[in-house]
Undergrad: 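Pasting a structure below so you can have a look.
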Amino acid sequence: MNHLSARHTGAGHAHCASVCSPRFCFSSSLSTYVPVRVVRMAPAGALLALLLPPVAAHAQSAVQATPSVVRDHAHASDLNVTHDTMPARLSDVVRKTPKDPVVPNGPERHSTETPAQGGFWDNMLLPPLTSRPEAYGQPQSLELKPLPTALMHQGPWGVFNANTGAASGFGTVAYYAVSRWAEDWSNLRDKKNHIDWADPLKYIPLNNSGSIYLTLSGNFRHHGFYDQRAGFGTIKKDPAYRSTLRWNAGADLHLGEHVRLYGELMSGQAGGINYYGYTGGRWRSKLDAQQAFLEVKGHLLGANMGAMIGRMSFLDAPPYVTAGSVYPTLPYSWNGVRGYAFWKRFRVDLFDLSLTNNAPTTAFHDQVGWRTRLFGAYTSYAIPNFKFMEKNSQIFVDTFYLGYILASNPIASTTGTIAGSTHRDTPGMRVWGNAGPIEFSLGGMWQGGSFNAAKNGPSRPVSAYSFNATVSWRFAKWWGKPAIGLQADAISGGDTRKSQTSSWGNFLSPFVPSAYYLDMSTYIGNSNLIDVGPLATIATSRNTSLLLKVPVIWRNSTNDAIYANPTAAYNFRPQGGYTATMPQASFTWRATRHVTFSLDGEYIFASRAMIKAGASSGAYVQSNLELTF
């Protein structure tokens, strides 16, 4: 159906699904040339994906308990340290440790332990699983003991480096980052911090003082998808096996303390057996500039400030608003200007951005998509850390305004959709962090603006809302240090019975919330729904983690559609509100600092009313392999 094909293009498009075996994923990811017509796998791949050991890179989810962000200056006995947050066998690979005095409420510190050097397959000293690329924004327990400086590559953001840097607004930043330009490898000036075969590529001095240096980065990623009755059965290619491959290479040139240039090239391929979708340029793309910007930064008015201009990634929003849209081969990139400032306990981010248009099929022909804009401001205040139930605690209070302009944004009608454009104004607030063993994220947004029907049709005002909550309890003394809790969301819908000049109540999050926030398959978008369900995360070993969740989903308004994503509605118009129950699991294995594998699975139990309206239940499996340096 058109709504599922549409979801893979432009703003607000969730990913398509299929799967391949891990063996196939691995060989594909190491190929230097993979023609789309040969990216294939046997139907047995779905079974193999379930039976073979997991391997990959979906991070955001593998550690999804609610955020716990404890300052790392606390004594280790005060922390609910989980297996997934600890470096593996640290005592085997570090040298003698000098102890630094603890400064209450002082800046973020890291251990001065100096690890020994390892090779490509070294797994003796691993970054926390929570620092995986693409793990941005998921609620998660991130209480860290002081880590060796060789494992942390964060900027000078103080308390906002808590939560593995996600509080900084740049995505997770630890050993690697979601946005590779957010990594700071300047600590490699001290050769005692060299622990990895790739370190000579991360800090290449270009002058005697080392103030001018170059950092190189790269990533190969394979996603395999298997769908049984995709999109509640609206996709007739069944079962579907999909395979996507992406590679990117980045160069970060620091011209002294105040100026730097960053550039990143990216290319993507997609294929499979009996596949569908792949429209819009973000699934199949020839080599192009994914990011290219100039940054000027310095210290002013008591703050670390900076301005960025050019093409860049953007992640300064809650995970239920956007996580960069990582399922298509190419994630989002934006064009425009961004300014930020960090004080001791307060930060602000201002931005005006236009989405990159990846549709051109010729290499180096991507364009600025002036028809899709994101602009606004984001602030965060770090409440002074405190103790609750004898555990160190940290809470952030975020306030923000997000503005959207979409030249194409159809809304639902009684039987189909109404074409048009929209302007949305979205003020919101989020309070998140941990109070002792309680890890939580509580957020609310109101949305105004207007919808303008195509061909000079009528304009109608918008009034919508979204409330989002996750709350978990960390059982620090149990095996696996599990966090067990509950997630609930209420996101408003419209009323298709009203006139085309009346207020429209459907809440819009067009830039793809994290798939791990609600629905890994992304068959259901964050629009017109109420959901509630248990969730749990377990650190099954020092370098593996398991996420379990079972959301039960209803329509918020039975007079509005069910949405594949906030910009594409299904044609189903079932009776009643209950839509589906979606048990999900994600297992992640960080094999080395450079190799991560994960395996995700979900079954979609459609309601009787949905089945009666023509929908189907079905299964979804995804395997992910990521090679990073």
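Position 1 is the first residue of the sequence, and the numbers go up from there.
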Undergrad: side-chain hydrogen bond (donor to acceptor under 3.5 Å, both in side chains) for Asn392 and Gln394? Distances and angles first, verdict last.
TA: CA-CA 7 Å; Asn392 279 348; Gln394 179 67 68; over 6 Å; no
Undergrad: Report all side-chain donor-acceptor pairs from residues 401-408 shorter than 3.5 Å, counting only partners two or more places apart or in another chain.
TA:
residue: Tyr401; atom: OH; partner: Asp425; partner atom: OD1; Å: 2.5

Undergrad: Can you confirm whether Pro318 sits close enough to Tyr517 that some side-chain heavy atom of one is under 4.5 Å from a side-chain heavy atom of the other?
TA: no
Undergrad: Within the structure provided, determine whether Tyr516 and Ser586 are in side-chain contact (heavy-atom separation under 4.5 Å).
TA: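 Yes, their side chains come closer than 4.5 Å.
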Undergrad: Got a donor-acceptor contact below 3.5 angstrom from the Arg345 side chain to the Ala382 backbone?
TA: yes
Undergrad: So which atom in Ala464 and which in Trp446 form the shortest heavy-atom distance, rounded to 0.1 Å?
TA: O-CD1, 3.2 Å
Undergrad: With side chain to side chain contact (heavy atoms under 4.5 Å, CB included) as the test, would you mind laying out the steps for Leu330 and Trp283 before giving the verdict?
TA: CA-CA 6 Å; Leu330 271 64; Trp283 293 91; over 6 Å; no
Undergrad: State whether Arg338 and Asp352 are salt-bridged, where the test is any N-O pair (Lys NZ or Arg NE/NH1/NH2 against Asp/Glu carboxylate O) under 4.0 Å.
TA: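 Not counted as a salt bridge, because no side-chain N and carboxylate O are separated by less than 4.0 Å.
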Undergrad: Is the side chain of Asn357 donor-acceptor paired with the backbone N or O of Val368 at a distance under 3.5 Å, no angle test?
TA: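 No, the answer is negative, given that no donor and acceptor are paired below the 3.5 Å cut-off.
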Undergrad: Indicate yes or no for a side-chain donor-acceptor contact from Asn528 to the backbone of Ala561 under 3.5 Å, with no hydrogens or angles considered.
TA: yes
Undergrad: Please report the C-alpha distance between Tyr563 and Tyr570 in whole Å, then the side-chain angles of each, then the deciding distance to 0.1 Å, and finally whether the ring pair (Phe, Tyr, Trp, His ring centres under 6.0 Å) criterion is met.
TA: CA-CA 6 Å; Tyr563 288 80; Tyr570 289 107; 8.7 Å; no
Undergrad: Verify the distance criterion only: is there a donor paired with an acceptor across the side chains of Ser557 and Asn559 at less than 3.5 Å?
TA: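 No, no side-chain donor-acceptor pair sits under 3.5 Å.
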Undergrad: Evaluate Asn219 against Ser217 for side-chain hydrogen bond (donor to acceptor under 3.5 Å, both in side chains), listing each step before the verdict.
TA: CA-CA 7 Å; Asn219 174 264; Ser217 60; over 6 Å; no
Undergrad: Do Phe511 and Trp334 make the cut of ring centroids closer than 6.0 angstrom?
TA: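 Ring centroids of Phe511 and Trp334 are less than 6.0 Å from each other.
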Undergrad: Ignoring hydrogens, what is the shortest heavy-atom contact between Val159 and Phe396? Give both atom names and the distance.
TA: O-CZ, 3.8 Å
Undergrad: For a 4.5 angstrom cut-off between non-hydrogen side-chain atoms, does Ile562 reach Arg555?
TA: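 When only atoms from C-beta onward are counted, Arg555 and Ile562 do touch, with a gap below 4.5 Å.
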Undergrad: Cationic tip of Arg282 within the cone over Tyr332's six-membered ring, i.e. under 6.0 Å and within 45° of the normal?
TA: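 The answer is yes; both the distance and angle limits are met.
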Undergrad: Taking atom types as modelled, find out whether Asp489 and Ser466 have a side-chain donor-acceptor pair closer than 3.5 angstrom.
TA: no
Undergrad: Under a 3.5 Å distance rule, please check whether His153 uses its side chain to pair with a backbone N or O of Tyr175 as donor and acceptor.
TA: yes
Undergrad: Are the side chain of Asp560 and the backbone of Gly494 linked by a donor-acceptor contact shorter than 3.5 Å?
TA: yes
Undergrad: Could you give the distance from CG (Leu315) to OG1 (Thr322), rounded to the nearest 0.5 Å?
TA: 7.0 Å
Undergrad: What I want to find out is whether Asp252 reaches Arg180 closely enough, with some N-O distance under 4.0 Å, to be called a salt bridge.
TA: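 Looking at Arg180 together with Asp252, the answer is no, because their closest N to O distance does not fall below 4.0 Å.
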Undergrad: Are the side chains of Ser472 and Ile438 in contact, using a 4.5 Å heavy-atom criterion?
TA: no
Undergrad: Return yes if a side-chain donor-acceptor contact under 3.5 Å exists between Arg460 and Ser503, otherwise no.
TA: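 Not at all, the side chains of Arg460 and Ser503 share no donor-acceptor pair under 3.5 Å.
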Undergrad: Are Tyr381 and Phe346 close enough, and set up right, to give a ring pair (Phe, Tyr, Trp, His ring centres under 6.0 Å), and what steps lead you there?
TA: CA-CA 5 Å; Tyr381 174 68; Phe346 180 77; 7.2 Å; no
Undergrad: Which pair of non-hydrogen atoms, one from Val552 and one from Tyr578, has the smallest distance, and what is that distance?
TA: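 That would be CG1-CE1, 3.8 Å.
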Undergrad: Kindly indicate, with the supporting measurements, whether the criterion side chain to side chain contact (heavy atoms under 4.5 Å, CB included) is fulfilled by Met305 and Tyr340.
TA: CA-CA 6 Å; Met305 295 186 176; Tyr340 61 84; 5.7 Å; no
Undergrad: Taking Lys387's backbone N and O only, do any of them form a donor-acceptor pair with Ser393's side chain (distance below 3.5 Å, no angle check)?
TA: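 No; judged by distance alone, with no hydrogens or angles, the pair does not exist.
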Undergrad: Nearest 0.5 Å, please: how far is CH2 in Trp504 from CZ in Phe451?
TA: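 The CZ atom of Phe451 sits 8.5 Å away from the CH2 atom of Trp504.
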Undergrad: Evaluate the side-chain proximity of Leu442 to Phe467: yes if any heavy-atom separation is below 4.5 Å, no if none is.
TA: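 With C-beta onward as the side chain, the pair stays apart.
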Undergrad: Take Ser598 and Thr588 through the test side-chain hydrogen bond (donor to acceptor under 3.5 Å, both in side chains) and record every step on the way to the result.
TA: CA-CA 4 Å; Ser598 68; Thr588 301; 4.6 Å; no
Undergrad: Find the distance between CG (Leu374) and CG (Leu355) and round it off to the nearest 0.5 Å.
TA: 9.0 Å
Undergrad: Indicate the atoms forming the closest heavy-atom contact of Gln447 with Asn506, along with that distance.
TA: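 Closest heavy-atom pair between Gln447 and Asn506: OE1-O, 4.1 Å.
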Undergrad: Counting C-beta onward and ignoring hydrogens, is there a side-chain heavy-atom pair between Ser509 and Phe507 closer than 4.5 Å?
TA: yes
Undergrad: What are the two closest heavy atoms between Ala515 and Thr522, and how far apart are they?
TA: CB-CG2, 3.8 Å
Undergrad: Please assess Arg424 against Thr422 for the test side-chain hydrogen bond (donor to acceptor under 3.5 Å, both in side chains), listing each intermediate value before the final yes or no.
TA: CA-CA 6 Å; Arg424 301 292 176 101; Thr422 194; 2.9 Å; yes
Undergrad: So Tyr620 and Met582, do their side chains get closer than 4.5 Å, heavy atoms only?
TA: no
Undergrad: Are the side chains of Tyr378 and Leu350 in contact, using a 4.5 Å heavy-atom criterion?
TA: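 Heavy-atom side-chain distance check fails, nothing below 4.5 Å.
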Undergrad: Looking at Lys549, is its backbone amide N or carbonyl O close enough to the side chain of Gln584 to form a donor-acceptor pair, meaning the two atoms are under 3.5 Å apart?
TA: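 Pair absent, no side-chain N/O of Gln584 close to backbone of Lys549.
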Undergrad: What distance separates Phe170 CZ from Asn161 CG, expressed to the nearest 0.5 Å?
TA: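 Rounded to the nearest 0.5 Å, the CZ-CG separation comes to 10.0 Å.
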Undergrad: One thing to verify: whether Asp398 and Arg347 come together as a salt bridge, which I'm taking to mean a side-chain N less than 4.0 angstrom from a carboxylate O.
TA: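 So Arg347 does not pair with Asp398 through a salt bridge.
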Undergrad: Give the intermediate values and the outcome of side chain to side chain contact (heavy atoms under 4.5 Å, CB included) for residues Thr540 and Trp589.
TA: CA-CA 10 Å; Thr540 47; Trp589 172 40; over 6 Å; no
Undergrad: Ignoring hydrogens, what is the shortest heavy-atom contact between Ser168 and Trp157? Give both atom names and the distance.
TA: CB-CD1, 3.9 Å
Undergrad: Test Ile524 against Thr579 for side chain to side chain contact (heavy atoms under 4.5 Å, CB included), laying out the working first.
TA: CA-CA 10 Å; Ile524 288 185; Thr579 302; 4.0 Å; yes
Undergrad: How many angstroms lie between CD1 in Ile411 and OG in Ser527, if you round to the nearest 0.5 Å?
TA: 11.0 Å
Undergrad: Under 3.5 Å, is there a donor-acceptor pair between the side chain of Asn434 and the main chain of Ile395?
TA: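 Looks like no, no N/O pair under 3.5 Å.
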Undergrad: Nearest 0.5 Å please: distance from the CG atom of Asp366 over to the CE atom of Met266.
TA: 11.0 Å
Undergrad: Under 3.5 Å, is there a donor-acceptor pair between the side chain of Ser179 and the main chain of Trp181?
TA: no
Undergrad: Would you call Glu626 and Arg221 a salt bridge, using N to O less than 4.0 angstrom?
TA: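 No, Glu626 and Arg221 are not salt-bridged.
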Undergrad: When you measure from the side chain of Thr470 to the backbone N and O of Phe440, does any donor-acceptor pair fall under 3.5 Å?
TA: no
